[in-house]
Amino acid sequence: MINPLETIEAKKRGRELDGSAIADLVAGFTTGIVPEYQMAAFLMATWFRGMTPRETADLTGAMLRSGEQLDTSRLSGPTADKHSTGGVGDKVSLLLAPLAAACGLKVPMLSGRGLGHTGGTLDKLEAIPGYDIRLGNDAFLDIVERVGCAIIGQGPTIAPADGRIYALRDVTGTVDCVPLITASIMSKKLAAGPRTIVIDLKTGSGAFMRDLEQARLLARALVDVGRSYGRRMAVVFSDMDQPLGVAIGHANETLEAFAALRPGGRSRAPQDLVELTEQLTADMVRVAGLEATPESALAQVRAVWDDGRALAVLLDWVSAQGGRLEPGRDDFGLQSAPSVAEFTAAHEGWLQEVDCREIGLALADLGAARRRVDDALDLSAGLDYLVRVGDRVERGQPLLRVACRDRGRAVAAIERLARAVTVGREPVPARPLILGRLE
Ligand code: URA
């Protein structure tokens with residue numbers, strides 16, 4: 001094993017590391033031979049010196065090999081997945097998985113929980129009575145083969161090195177580092193085995209990456225690493241300067257996503273949610289090779305959306321994972337808290353800006369988002385975001401609606417919303433949702 005001190009010294013002086021030095025360091029750290037203080041020093045040296053694309057790929061590989069990798073070779077169709085860098089109101093996976101499956105893809109998705117102001121797909125799925133997020137790998141892949149998609153939690157056996165390194169980054173000021181973020185995201189995505197990976201890279205006040213320049217660097221690194229492991233990659237840059245769709249929470253987001261797949265749902269659902277979901281799913285279908293052009297891929301996605309095939313896949317998938325939905329009821333049998341308060345415009349004008357991170361934190365005020373990893377959640381509480389940046393608003397018009405079982409919590413959330421929303425006297429343009437692409 002290469003002495004970790006030599007590896008730290010080399011990185012500190014800006015020398016390119018070879019693959020075996022990186023592999024030894026990660027393996028040593030995962031098995032407890034390399035102590036946290038040495039890994040912390042290495043992470044900080046990397047923060048200052050960066051990594052070449054080859055080093056980033058080697059770091060990703062070392063983290064990937066620290067755990068299990070799913071064998072998707074037994075699946076009978078092309079495999080594809082989508083990863084979002086996270087935001088507020090982002091329920092796209094819940095529609096996209098059945099849509100992509102209805103188009104002929106096999107979609108094995110491993111998802112995470114929300115932390116801080118961003119939500120996680122797993123928490124939204126747990127709002128479905130009976131839904132099991134902890135299937136074994138064989139049962140998981142059986143459902144993907146039979147139904148076309150399945151979504152489970154990314155257990156501790158997937159890239160365990162990432163969990164430990166991420167915890168250390170969190171307390172050493174080394175989270176915001178493109179090669180470290182790249183290795184973290186891609187080690188987990190590669191472990192699930194899909195051949196096509198589409199990334200939804202969000203930027204803005206509710207996103208992990210606040211500016212587009214940093215997002216572009218991250219996108220390049222993600223694409224390069226994915227390709228070096230033989231994956232087909234595409235990145236869509238999308239706006240997270242305001243929540244996606246209307247519902248923000250868990251049961252209410254799940255309901256918004258599922259209702260969108262009902263007959264006629266594509267025209268009734270929030271149009272930003274529809275646009276982003278269509279584009280990301282169409283990219284998966286095209287990049288995986290099922291359709292040749294963006295236009296034909298989009299037409300295919302719309303066809304399976306409108307003729308009910310995606311809804312049929314959704315119901316099969318959820319029931320295969322033990323979920324008890326009641327499709328005959330408007331609310332699918334999901335438990336949402338009653339609306340108890342509204343945040344209204346103090347004067348007329350235009351919605352100029354929202355601090356999307358604060359809106360995510362208002363959800364934590366309602367007990368529906370975690371401040372710490374072990375916080376319990378109220379899956380029934382949530383917010384409705386009723387306007388969009390650029391909209392004209394009248395005095396007294398409701399801008400956000402609060403649903404929860406505890407009025408005291410609603411008051412705290414409304415106080416935060418008052419700081420998060422700016423209504424000004426001057427009009428501002430609506431914000432574009434899709435900001436660019438990289439392939
Ligand atoms: N998401 C991850 O999974 N890892 C990071 O480092 C940042 C965002």
Side-chain angles (χ1 to χ4, degrees), residues 22 26 29-30 39-40 42-47 50-51 55-64 66-69 81-88 90 92-93 109-123 151-192 194 197-212 214-226 229 231 233 235-238 240 356-357 360 369-370 373:
I22 294 174
V26 172
F29 180 63
T30 313
M39 184 52 103
F42 174 77
L43 294 171
M44 188 54 84
T46 302
W47 191 94
M51 280 188 167
E55 284 177 297
T56 309
D58 285 342
L59 179 62
T60 308
M63 288 164 59
L64 170 67
S66 72
E68 264 179 76
Q69 293 171 52
D81 194 2
K82 182 240 15 161
H83 175 79
S84 155
T85 55
V88 179
D90 181 5
V92 167
S93 294
M109 267 199 188
L110 303 184
S111 289
R113 297 199 179 279
L115 184 61
H117 71 283
T118 62
T121 299
L122 274 196
D123 299 319
I151 307 183
I152 58 169
Q154 173 197 293
T157 57
I158 297 293
D162 175 61
R164 296 199 53 212
I165 292 174
Y166 193 89
L168 204 50
R169 286 167 58 206
D170 214 16
V171 292
T172 54
T174 51
V175 169
D176 56 339
C177 172
V178 165
L180 299 180
I181 299 170
T182 303
S184 169
I185 292 176
M186 291 304 291
S187 59
K188 291 173 290 197
K189 278 289 129 180
L190 293 173
I197 303 173
V198 173
I199 309 266
D200 176 13
L201 222 170
K202 297 191 175 296
T203 63
S205 62
F208 178 68
M209 287 271 143
R210 290 196 163 215
D211 79 277
L212 196 52
Q214 276 296 101
R216 283 192 204 288
L217 289 178
L218 178 59
R220 182 76 264 158
L222 291 166
V223 167
D224 287 348
V225 167
Y229 285 87
R231 300 313 201 262
M233 300 289 298
V235 178
V236 172
F237 298 97
S238 72
M240 193 25 81
C356 196
R357 185 170 185 279
R370 287 185 193 84
V373 261

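First listed ligand is number 1; within each ligand, the first listed atom is number 1.
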Polar atom proximity, Arg169 to ligand 1 (N or O, under 3.5 Å):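 Yes, Arg169 has an N/O under 3.5 Å of an N/O on ligand 1.
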
Protein contact to [atom] [nearest heavy atom, distance to 0.1 Å]:
atom: atom 3 (O) of ligand 1; result: Lys188 NZ, 2.5 Å
atom: atom 1 (N) of ligand 1; result: Ile185 CG1, 3.8 Å
atom: atom 7 (C) of ligand 1; result: Phe208 CZ, 3.5 Å

Residue among Ile197, Val198, Leu190 satisfying side chain to side chain contact (heavy atoms under 4.5 Å, CB included) with Pro194: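 Option passing the side chain to side chain contact (heavy atoms under 4.5 Å, CB included) with Pro194: Ile197.
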
Results of side chain to side chain contact (heavy atoms under 4.5 Å, CB included) for Gln69 - residues two or more places apart only: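 So Gln69 forms a side chain to side chain contact (heavy atoms under 4.5 Å, CB included) with Leu64, Arg65.
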
Salt bridge (charged side-chain N to carboxylate O under 4.0 Å, His left out) involving Arg357 - partner list, sequence neighbours excluded: none

Check: Asp90 side chain, Val92 main-chain N or O, donor-acceptor pair, under 3.5 Å: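 Side chain of Asp90 to backbone of Val92, a donor-acceptor pair under 3.5 Å: yes, one is there.
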
Which of the ligand 1 atoms, numbered from 1, are nearer than 4.0 Å to a heavy atom of Ser184: 2 (C), 3 (O), 4 (N), 5 (C), 6 (O)

Nearest heavy atoms of Glu55 and Ile22, plus distance in Å: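 Minimum heavy-atom separation between Glu55 and Ile22: O-CD1, 3.8 Å.
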
